[in-house]
Trainee: 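Here it is: the structure, laid out below.
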Amino acid sequence: MADYDLVVAGGTVVTPADMFRADVGVRDGRIAAVGIGLKGERTVDADGLLVMPGGVDSHCHIEQLQRGGGADEETWTTGSTSALAGGTTSVITFSTQFKGGGILGPLAEYRRRAEQAMVDYTFHQIITDATDEVVFNEIPQVVASGVRSLKVFLTYDPLHLDDRQFIRVLAAARRNGAFVTVHCENYEAINWRTAALLADGRTEPKYHAWSRPPVVEREATHRAIALAEMVDQPIQVFHVSHPEVAEEIARAKARGLKVWGETCPQYFVISADDMDRPGFEGAKFMCSPAPRDAAASEGLWKCIRDGVLDIVSSDHSGWSYETPAGKRVHGTDAPFRDIPNGVPGLAARLPILFSEGVSKGRIDPCQFVRLTASNPARLFGLYPRKGTIAPGTDADLVLWDPTRKQTISNRLMQHIIDYTPYEGLEVTGWPVATIRRGAVVMRDGVVQAEPGSGQFLARAPYDMIKPTGNLPFGFDASAFQV
Ligand code: URP
Ligand code: ZN
Ligand code: ZN
């Protein structure tokens, strides 16, 4: 009788720390052994392939509830299919709050929808209205249910929080042992520049970038970090688009603050010029913060190598190009202000990062694993169950052909969205199989998994996000109901 249910044989195992030739033995959905000459009931040949932890995408929008009813076009089944096609086995998505309402109702509805998932999943809880009821009564319940991270927006109507509300969310997180992620852009500055651009007749998609230059993101990042320092609450800055923004994170880390930074593939391969394509085409590339230029992209790689940016997520936020409810919901002549923000990228995340990073010699495979799996798992309380390859961990693996050349097309992305901003991009390195808790759920691009086979990942308290204990004058204002 074989020792293992499944053996992934003869590949090069890549962990966050090292790379070595080994077999991986799987029993009951977990890794049972990493060694040589393992025998399983089934064998997957990984000769010539890298065997890496399944991707953990800690920032993606899937079937997120919308204000007027309904939800994002990307469903849990299509989003899961896309994730698995691209080598990602766990996701963190968003349960939202609508101003004037609470968070428990939307979370219950969102959990119901997520029961269709085919990847493992957990959520960030968005707070758009930091009422007494929410911060003192509902956030404790949400955190106790295993949703241990909150998300706030410092811009966007009608989502943004002012400083007082943001501080109240930071304090609620501190009281309840939760983490806070932040969309950092200055709301008033963007609105002011937008009004001026529209008054001047500059309405096309390319002016999206003009409305929110890097300084707007840098200011909000500085402010978010300063307020988090005052409350002594660890935070992650989402989707950093420019090295001058990352500088704020570098300074915070140097001062010993618990501040982490994320960036996304779009900031490596899309630029502001893409939003200047003819007609309405530029809308396909619109996201916030806005894509910048080639120099900024190269600068982000240095921030990654220097350890300033820790995670590369997709920020998958799909709006189809041709459908009436997508990018053109307000018509193709709509001013940039009214075009939905966001680009799809669940399946493209790993191939773009591998190709631009590892294949082009900017990072090594272990760093790739850290950025795409281990660091998100650590930061969001999923490690070591997720994000590494070692006995006892979930058998979530991606088998990767590092030499395979592929041209990205929308068909390969397998999402519901009718386009990819990466159409035609040549990449080197491609996922050939995805294994989720020991089940082969993708092979040569064919995804086979049952809706509902994904598991909710409840997150218990963990050390990484504990406050430092350094409070101004030693006074903990978050202990008071203010
Ligand atoms: O433009 C973007 N990034 N849309 C998704 C929502 C967000 O801001 O993360
Ligand atoms: Zn955001
Ligand atoms: Zn997002």
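First listed ligand is number 1; within each ligand, the first listed atom is number 1. For reference, positions follow the sequence shown, starting with 1.
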Trainee: With sequence neighbours left out, which residue pairs that include part of residues 184-196 fulfil the salt bridge (charged side-chain N to carboxylate O under 4.0 Å, His left out) condition?
Mentor: E185-R212
Trainee: Within less than 2.8 Å, report the number of protein N/O/S atoms around the Zn ion (ligand 2).
Mentor: 2
Trainee: For ligand 1, list the protein residues that place a heavy atom within a distance below 4.0 Å of one of its atoms, sorted by chain and number.
Mentor: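 Lining ligand 1 at under 4.0 Å, by heavy atoms, one finds H59, H61, K151, F153, Y156, H183, H239, C287, S288, D315, S317, N341, G342.
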Trainee: Under the salt bridge (charged side-chain N to carboxylate O under 4.0 Å, His left out) definition, can you give me all pairs with a residue in residues 129-149, not counting sequence neighbours?
Mentor: D132-R168
Trainee: Within a 6.0 Å radius of atom CG on D333, are there more than 12 heavy atoms belonging to other residues, nucleotides or ligands?
Mentor: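 For D333, atom CG is not crowded (no more than 12 foreign heavy atoms under 6.0 Å).
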Trainee: How about F238 and H124: are their ring centroids closer than 6.0 Å?
Mentor: yes
Trainee: Answer yes or no as to whether an N/O/S atom of H61 is found below 2.8 Å from the Zn ion (ligand 3).
Mentor: yes
Trainee: Between Y187 and Y156 (judged by ring centroids, cut-off 6.0 Å), do the two rings come close enough to count as a pair?
Mentor: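 For Y187 and Y156, the ring centres are not under 6.0 Å apart.
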Trainee: Parallel, tilted or perpendicular, judged at 30° and 60°: which one describes the rings of Y121 and F456?
Mentor: tilted
Trainee: Count the heavy atoms of every other residue, nucleotide or ligand shown that sit under 6.0 Å from CD of Q66, and state whether that count exceeds 12.
Mentor: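 Enclosed: over 12 neighbouring heavy atoms sit under 6.0 Å from CD of Q66.
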Trainee: Can you label the angle between the F368 ring and the W400 ring as parallel, tilted or perpendicular, going by 30° and 60°?
Mentor: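 The arrangement is tilted - the two ring planes meet at 30° to 60°.
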Trainee: Could you tell me if the ring centre of Y110 sits under 6.0 Å from that of F94?
Mentor: no
Trainee: Using the ring centroid of each side chain, check whether F354 and W430 are separated by less than 6.0 Å.
Mentor: no
